Structure formats: C-alpha cells, structure tokens
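Notes follow once the structure below has been shown.
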2 protein chains.
Amino acid sequence: MVEKLREHIQKRVPLTDDEFAFVLAHFTLKTYKKHQFLIQEGEPVRYAYFVISGLLKLVYTDEAGKQHIVSFAMEDWWETDFQAFFAQSTATLSVECLEDTVVFCLSLENYHKLCDGLQKFERFFLQLTIAGSIAAQRRILSLLTTKAKERYEQLLNQYPTLIQRVPKALLASYLGVSRETLSRFTD
Amino acid sequence: MVEKLREHIQKRVPLTDDEFAFVLAHFTLKTYKKHQFLIQEGEPVRYAYFVISGLLKLVYTDEAGKQHIVSFAMEDWWETDFQAFFAQSTATLSVECLEDTVVFCLSLENYHKLCDGLQKFERFFLQLTIAGSIAAQRRILSLLTTKAKERYEQLLNQYPTLIQRVPKALLASYLGVSRETLSRFTD
DNA sequence: TGATTAGTGTGATATACATCACGCCATAAT
DNA sequence: ATTATGGCGTGATGTATATCACACTAATCA
C-alpha cells in the first residue's frame with residue numbers, strides 16, 4: 001500500500017525514511033467500489049488520486065450525452081481533472097471506478113505544502129508531469145497519423161492487460177472509434 | 001528581448017533583478033531565417049527554445065514521408081522535441097522556422113543548473129508543464145469529440161492571428177484533416 | 001522579367017468509419 | 001428460476017473525409 005507510493009516516487013527521486021514519512025502524512029487512503037464516482041462533472045475537485053489498486057476512467061460527456069474516455073488509470077497512475085484541481089474550480093470531467101479501487105488522495109492544499117516543504121517532491125511531480133505531457137503528445141500524434149485499427153493494435157501491444165480489464169466499448173471510446181467498428185478489427 | 005523572457009516567467013512566479021540575471025545567464029540568444037531547422041530528425045537535441053519573435057513548427061514525418069504538425073510556436077511559447085531533449089537522445093521530431101525567428105536557447109545542462117540554483121525556476125517550469133499537459137489533453141478531447149470543421153472553427157476563435165501567418169495546408173495538418181477538405185470549410 | 005515554386009480552390013471518385021438495427025450470450029438482479 | 005441488463009458481434013446503409021487530378025494566382029528567384 002504505502003510501499004507502492006514510495007516505490008513510485010523513488011523511481012524518479014530517492015527519499016529517506018523521514019522524507020517519505022513527511023510525504024505520506026499529506027495523503028489519505030480511500031476505497032471505492034466499482035461504479036462509484038471519485039469526481040463528478042460540475043462538482044468541486046478536491047483531490048488528485050494516486051491509484052494503489054483497481055482501475056479508473058476519466059470521462060468527458062459531450063452535449064449529446066455521449067461519453068468519451070480521456071484516459072484510464074491503473075495501478076501506479078495518477079488521475080484527476082487536473083484543470084479543475086489546480087484551478088480549484090468545478091469538474092468538466094468525471095472519474096469513475098471500473099473496478100473496486102484503492103487510492104491515495106492528495107488535496108491541493110497538501111500538494112502545496114509538500115512542494116514547499118520538500119523540494120524533492122516538487123521535482124518528482126515535475127518529472128511526472130513532463131512524462132505525462134510527452135505521452136499526451138504521442139497520443140495526439142497517433143490520432144493524427146494512424147487509422148483506428150492501427151491505434152487499436154498499438155494499444156494491444158502497449159497495454160495488453162488493459163484490454164482484458166476494460167469493456168471494448170470503452171476502449172473504442174478511448175481510441176476515438178465506434179464500438180461496432182472496433183469489434184470488426186479482429187478481421 | 002530580455003524583457004519578454006522576464007515577463008513570461010513573472011506571469012507565473014515573481015523574480016528579483018538578481019534572480020532574473022541568474023536565469024538569463026543560462027540562456028543564449030539565436031536568430032534563424034525562414035526555412036531553417038532548429039532541430040532535425042535523427043540529430044541530437046541540444047536545446048529547448050523560447051520564442052521571442054517569429055514562428056516555428058514542430059513536425060513529425062511518417063514512414064510515407066507525410067508531414068504532421070505536432071504544434072506551432074509563436075512569441076512566448078516554448079518548443080523542442082521534449083522527449084529527446086530530456087532523454088538526451090536523437091530527435092524523432094523536427095523544428096523548422098515558418099518565419100525569421102529569434103529564440104532563447106536553454107541546454108539541458110543549464111536547465112538542471114537553473115532548477116538546482118533557483119527553486120523558483122523549477123516551480124515556474126512545473127506550472128508551465130502542467131498548463132501544457134492540460135492543453136494537450138484538451139486537444140486530444142477535441143480530436144476525439146469533434147469533426148474537422150468544428151476543430152477548424154475553434155482554432156479560428158482561439159488563435160485568429162495564427163491563421164493569417166500559417167499556410168492552410170499546415171493548419172490542415174495540425175487539425176488532422178487534408179488540405180482539400182479544409183479548403184472546403186468556408187462553405 | 002520571365003520562370004519556377006508555393007499556396008489555394010474545386011470536381012470526381014474512393015474509403016474509413018458512423019449509425020441504425022438486430023440477435024446472441026453471459027452475468028446480475030428480482 | 002426468470003427476467004433484465006451489459007457486453008459483444010454483424011449486416012445494411014449513410015456520411016465525413018481522403019485521394020487524385022487539374023487549374024489558377026501570388027510569391028520567389030534566377
């Protein structure tokens with residue numbers, strides 16, 4: 001539980017026991033059941049979440065009521081509506097459990113305290129954000145350059161476990177293709 | 001010139017004169033002509049660039065030799081192949097001038113020195129990266145949820161000046177649509 | 001200045017993909 | 001046990017967009 005968070009941070013910056021204790025004190029642990037919402041559109045976004053176990057989806061619902069998957073979050077991933085979290089405004093996205101899920105919650109206030117109190121944490125978070133930003137750019141490129149079938153195959157290679165845990169309709173939505181079209185990709 | 005960089009950083013974190021002098025000492029100024037490359041695919045990426053004036057494009061060339069615009073960079077924007085810059089590996093993207101362009105160059109070595117020597121700079125860069133990451137997510141959503149014509153209209157509203165400075169074929173590439181289709185959008 | 005090239009528009013045709021409609025099974029709820 | 005419900009596949013049809021081909025104009029250059 002606690003070790004997962006420590007390992008995750010230490011992949012990027014080393015921490016002493018004391019430093020990690022300081023970090024840990026700023027998180028709270030929560031458990032959610034499948035179908036529960038961590039963030040609902042229109043409501044304030046109180047936390048950024050680090051996933052210990054389980055699976056989340058980050059979703060945008062368009063005017064027509066159609067859902068679009070912005071991202072999934074498995075073990076070791078962070079998830080929240082970052083725009084609303086940092087601006088302390090209400091969510092335009094929602095976060096829902098696809099499985100029973102355990103998360104560490106970090107409030108914006110505690111995020112600031114962590115960054116002020118431990119420079120290493122800020123550096124960790126910067127590295128994390130840079131990596132996320134690069135990944136987002138790759139996804140944009142893949143949307144620009146490849147057909148849906150190719151994107152699906154890339155996803156199969158990159159996250160083979162995800163495919164088994166997520167209904168295909170949601171994978172389709174993540175890839176920007178209809179579930180019917182994705183269903184024909186085994187051809 | 002120098003003031004542009006200072007204003008840009010101070011939008012996010014305040015700086016004393018001394019602090020800014022320290023920051024500035026880590027940048028070098030360079031001037032490029034239209035059609036020159038700042039970064040070429042396959043070559044090492046020595047700098048991240050802050051644009052003082054002019055206009056850059058960040059481009060990916062696919063196996064078929066077709067170019068795809070990852071992003072444009074106008075005044076006050078940063079541009080580089082971040083993946084390659086931080087990993088100190090060779091570029092998979094290239095950066096080329098669409099106009100005569102003046103940039104401040106920051107090497108990775110100096111980036112680290114800046115972060116180590118002035119925590120405020122690291123905070124500034126984190127905020128910048130967070131904003132970039134959120135913007136990338138918005139672009140992904142717009143690619144997932146909207147038709148090309150709508151994306152074009154959104155771009156017109158968001159960056160009206162860009163449209164006048166950039167050939168439509170490049171806008172089309174940025175939007176993920178063929179130039180012929182984009183050309184029919186005035187209907 | 002005349003020639004080349006870049007930028008743009010537009011018709012005809014092809015295609016990837018969406019949408020609608022239906023049926024089938026497995027799981028969950030009553 | 002029976003009924004809903006969710007997940008998945010598949011045919012038929014429609015549409016947004018790609019691709020190919022060509023022409024026209026405005027820059028750029030020799």
Side-chain angles (χ1 to χ4, degrees), chain A residues 33-37 55 57 59-69 72 96-100 140-156 161-187, chain B residues 32-37 54-57 59-69 72 96-101 140-156 161-187:
Chain A
K33 293 238 165 267
K34 186 171 174 173
H35 296 129
Q36 279 194 297
F37 284 81
L55 182 57
K57 63 172 178 180
V59 173
Y60 170 73
T61 307
D62 67 22
E63 322 76 49
K66 198 169 160 187
Q67 297 208 150
H68 303 268
I69 303 285
F72 299 103
E96 186 182 348
C97 295
L98 297 178
E99 304 172 355
D100 295 357
I140 288 170
L141 260 181
S142 124
L143 288 167
L144 289 180
T145 61
T146 64
K147 307 253 179 252
K149 183 169 186 179
E150 200 177 331
R151 295 202 293 279
Y152 181 53
E153 282 156 4
Q154 282 172 6
L155 190 68
L156 283 176
T161 62
L162 197 67
I163 278 73
Q164 275 121 37
R165 291 165 72 178
V166 175
K168 303 220 168 158
L170 295 185
L171 293 179
S173 166
Y174 175 83
L175 293 169
V177 74
S178 72
R179 65 154 205 91
E180 292 94 332
T181 297
L182 183 130
S183 156
R184 289 182 244 257
F185 282 165
T186 31
D187 310 342
Chain B
Y32 292 90
K33 293 239 164 266
K34 186 170 174 174
H35 296 130
Q36 279 193 297
F37 285 81
L55 182 57
L56 305 174
K57 64 173 178 180
V59 173
Y60 170 73
T61 306
D62 67 22
E63 321 77 49
K66 198 169 159 186
Q67 297 208 152
H68 304 267
I69 303 286
F72 298 104
E96 186 182 349
C97 295
L98 297 179
E99 303 172 357
D100 294 357
T101 300
I140 288 170
L141 260 181
S142 124
L143 287 168
L144 289 180
T145 62
T146 65
K147 305 253 181 253
K149 183 169 185 179
E150 200 177 332
R151 295 203 294 278
Y152 181 52
E153 282 157 1
Q154 283 172 6
L155 190 68
L156 283 175
T161 62
L162 198 67
I163 278 73
Q164 277 121 35
R165 292 165 72 180
V166 176
K168 302 219 169 158
L170 296 185
L171 293 179
S173 167
Y174 175 82
L175 292 169
V177 74
S178 72
R179 62 153 206 93
E180 293 94 331
T181 297
L182 182 130
S183 157
R184 290 183 243 258
F185 282 166
T186 31
D187 309 342

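Computation of the quantities below employed the complete heavy-atom set of this structure, encompassing side-chain atoms and omitting hydrogens, waters and symmetry-equivalent molecules. In this text the structure is predicted, and so the values were computed from the model without any measurement. Chain A is the first sequence line, chain B the second, and so forth, proteins listed ahead of strands; every chain is numbered from 1.
Residue-to-nucleotide contacts include no donor-acceptor pair under 3.5 Å from the side chain of B:Arg151 to the base of D:dT17. Remark: the B:Arg184 side chain and the D:dT19 base include a donor-acceptor N/O pair separated by less than 3.5 Å. Evaluation of atom-type donor-acceptor distances gives a pair under 3.5 Å for the side chain of B:Glu180 against the base of D:dC20.
Checked against D:dC8, C:dT19, C:dT8, the side chain of A:Ser178 finds its nearest nucleotide in C:dT19. The listed nucleotides are D:dG9, C:dA12, C:dG9; the one nearest the side chain of A:Ser183 is D:dG9. Here the side chain of A:Pro167 is nearest to one of C:dT8, D:dG7, D:dA16, namely D:dG7. If you check C:dA16, D:dT17, D:dC22 against the side chain of B:Ala148, the one that comes closest is D:dT17.
For B:Thr181, a side-chain nitrogen or oxygen approaches OP1 or OP2 of D:dA18 to under 4.0 Å. Look at A:Lys66 and you'll find a side-chain N or O under 4.0 angstrom from OP1 or OP2 of C:dT19.
Rounded to whole Å, the distance from NZ on A:Lys147 to P on D:dA18 is 8 Å. Between the C1' atom of D:dA16 and the CZ atom of B:Phe185 lies a distance of 9 Å, rounded to the nearest Å. Between the CZ atom of B:Arg165 and the P atom of C:dG7 there is a distance of 15 Å, given to the nearest Å. One can place NE2 of B:His35 at 12 Å from C1' of C:dG7, the figure rounded to the nearest angstrom. Regarding A:Gln164, its CD atom lies at a distance of 16 Å from the P atom of D:dG7, rounded to whole Å. Going from atom CD of B:Glu99 over to atom P of C:dG7 covers 12 Å, rounded to whole Å. One can place CZ of B:Arg179 at 12 Å from C1' of D:dA18, the figure rounded to the nearest angstrom. Between the P atom of D:dT5 and the NZ atom of A:Lys34 lies a distance of 16 Å, rounded to the nearest Å.
In this structure the side chain of B:Leu144 reaches within 4.5 angstrom of the side chain of A:Leu143, judged on heavy atoms. Looking at A:Phe72 and A:Leu98, their side chains come closer than 4.5 Å, going by heavy atoms from C-beta outward. The shortest side-chain heavy-atom distance between B:Glu96 and B:Val59 does not fall under the 4.5 Å cut-off.
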*For A:Tyr152 and A:Lys168, run side chain to side chain contact (heavy atoms under 4.5 Å, CB included): C-alpha distance rounded to whole Å, both residues' side-chain angles, the deciding distance at 0.1 Å, then the answer.*
CA-CA 11 Å; A:Tyr152 181 53; A:Lys168 303 220 168 158; 4.0 Å; yes
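To the nearest 0.5 angstrom, B:Leu182 atom CG is 11.0 Å from B:Ser173 atom OG.
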